[in-house]
Amino acid sequence: MHELSICSSIVGIVKKHAAGREVRTVHVRIGAMRQIVPDTLTYCWSLVTESSELAGAELAIERIPAKIRCTNCGREQVLDELAMACQECTGSVDLVEGDEFMITSLDLAEV
Amino acid sequence: MGRFHRHDGDTDGHHHHHDHDHDHGDHSGYATASERVVVLERIFDENDQMAAANRRDFDSAALTAINLMSSPGAGKTTVLRETLRRLEGRLRVGIVEGDIETSIDADRLAGFGAAISLINTSDGFGGECHLDAPMVRSALPRLPLADLDLLIIENVGNLVCPAEFDVGAHSQAMVYSVTEGEEKPLKYPVMFRSADLVIVNKIDLIPHLDYDLSLFYANLKAVNPGVAVIETSARTGQGIDEWCDWLLDRHRSLHASSPLGG
């Protein structure tokens, strides 16, 4: 349940950027290589925010699939299952997408 | 401001800036429109900044910090006890102990000359399942960092949460036991990917198990092709010297000029 402490971090970042304005939606991007369960995150978000000024703010989660690039032949591939090797030449690979975990934007009420 | 306003019927150029009865082009049901503000901030930034501060403190004390992770019951504390027994007099060791409720693990490690700082993670928000950089930082004032060569941060037994938090260690090591099954790297890829070294513990139990070690290694390499592996039995002592050598090597390569590491 590290999602609970993660939600506390999200609250801190959101409050800083919202600067007191009403927050409607928090847009979060989560890569497939992060061990974060979206449903748990959403549940913890409601727990953490329910009695705060962020009550009612929605957490909108965008999932990013894992993408690898071969360091040998340069082939890029989106992973359906975990295999950190190039399907083409079996070379070593770098993870180029799927490691993300960030707040991308906020929807704030107009004043 | 007003990016999502649509002034329907507003053909005469007259703008209703303060009239909110018209259609905003926003069907969210809110009385006023929303404005999207770009943030692009990494959620672990605060933790990672604290981890960097920890790492700076470790470096200025010329000590090597290892984040030791595992599932519950993999034998992490027993491996650690055997490690302290062998390193006593060779490296000055400190332990940060992440323990959910009790000091049982710390009690098992006492008596080998190591300095131990206990973090009781039940004081955290809702009872934590991992150590993060601020928690580790809070344990550091209780340790004589300048007089240590090696700091082992014994994380909370859990294959999910600890892998997400950089605590400022120089290396990540993981204790895995063969009783956990071959498929664990595929089920918990973040932790197995984060490890520089995997200790394959309870190796002496293999004759008693339906366990395929080569299948485990195939799964591990699929997730983390470059990872180092040491097979151990904390019970028989197999492989523990090799693990101690790995720690000594890490310390020498990081802090070659320090008295014991040089």
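Chain identifiers are assigned alphabetically (A, B, ...) following the order of the sequence lines, protein sequences preceding nucleic acid strands; residue numbering begins at 1 within each chain.
With a 4.5 Å cut-off on non-hydrogen atoms, B:Tyr188 touches chain A through its backbone and its side chain both. Heavy atoms closer than 4.5 Å to chain A are found in the side chain of B:Pro225, but not in its backbone.
Although no hydrogens or angles enter the test, the distance criterion places no donor-acceptor pair under 3.5 Å between the side chain of B:Asn219 and the main chain of B:Leu186. Proximity of a side-chain donor or acceptor of B:Ser71 to a complementary backbone N or O of B:Leu159 within less than 3.5 Å is not detected.
Your options are A:Ile10, A:Ile13, A:Val14, and the one with the most heavy-atom pairs under 4.5 Å with chain B is A:Ile13.
A donor atom on one side chain and an acceptor atom on the other are not found under 3.5 Å apart for B:Glu46 and A:Ser9. A donor-acceptor contact closer than 3.5 angstrom links the side chains of B:Glu41 and A:His17. There is a side-chain donor-acceptor pair under 3.5 Å between B:Ser34 and A:Arg24. A donor-acceptor pair shorter than 3.5 Å can be found between the side chains of B:Asn155 and B:Asn67.
Residue B:Lys221 places its NZ atom among more than 12 non-hydrogen atoms of other residues, nucleotides or ligands, all under 6.0 Å distant.
Below 4.5 Å, heavy atoms of chain B meet heavy atoms from A:Leu82, A:Ala83, A:Met84, A:Leu95, all part of residues 80-100 of chain A.
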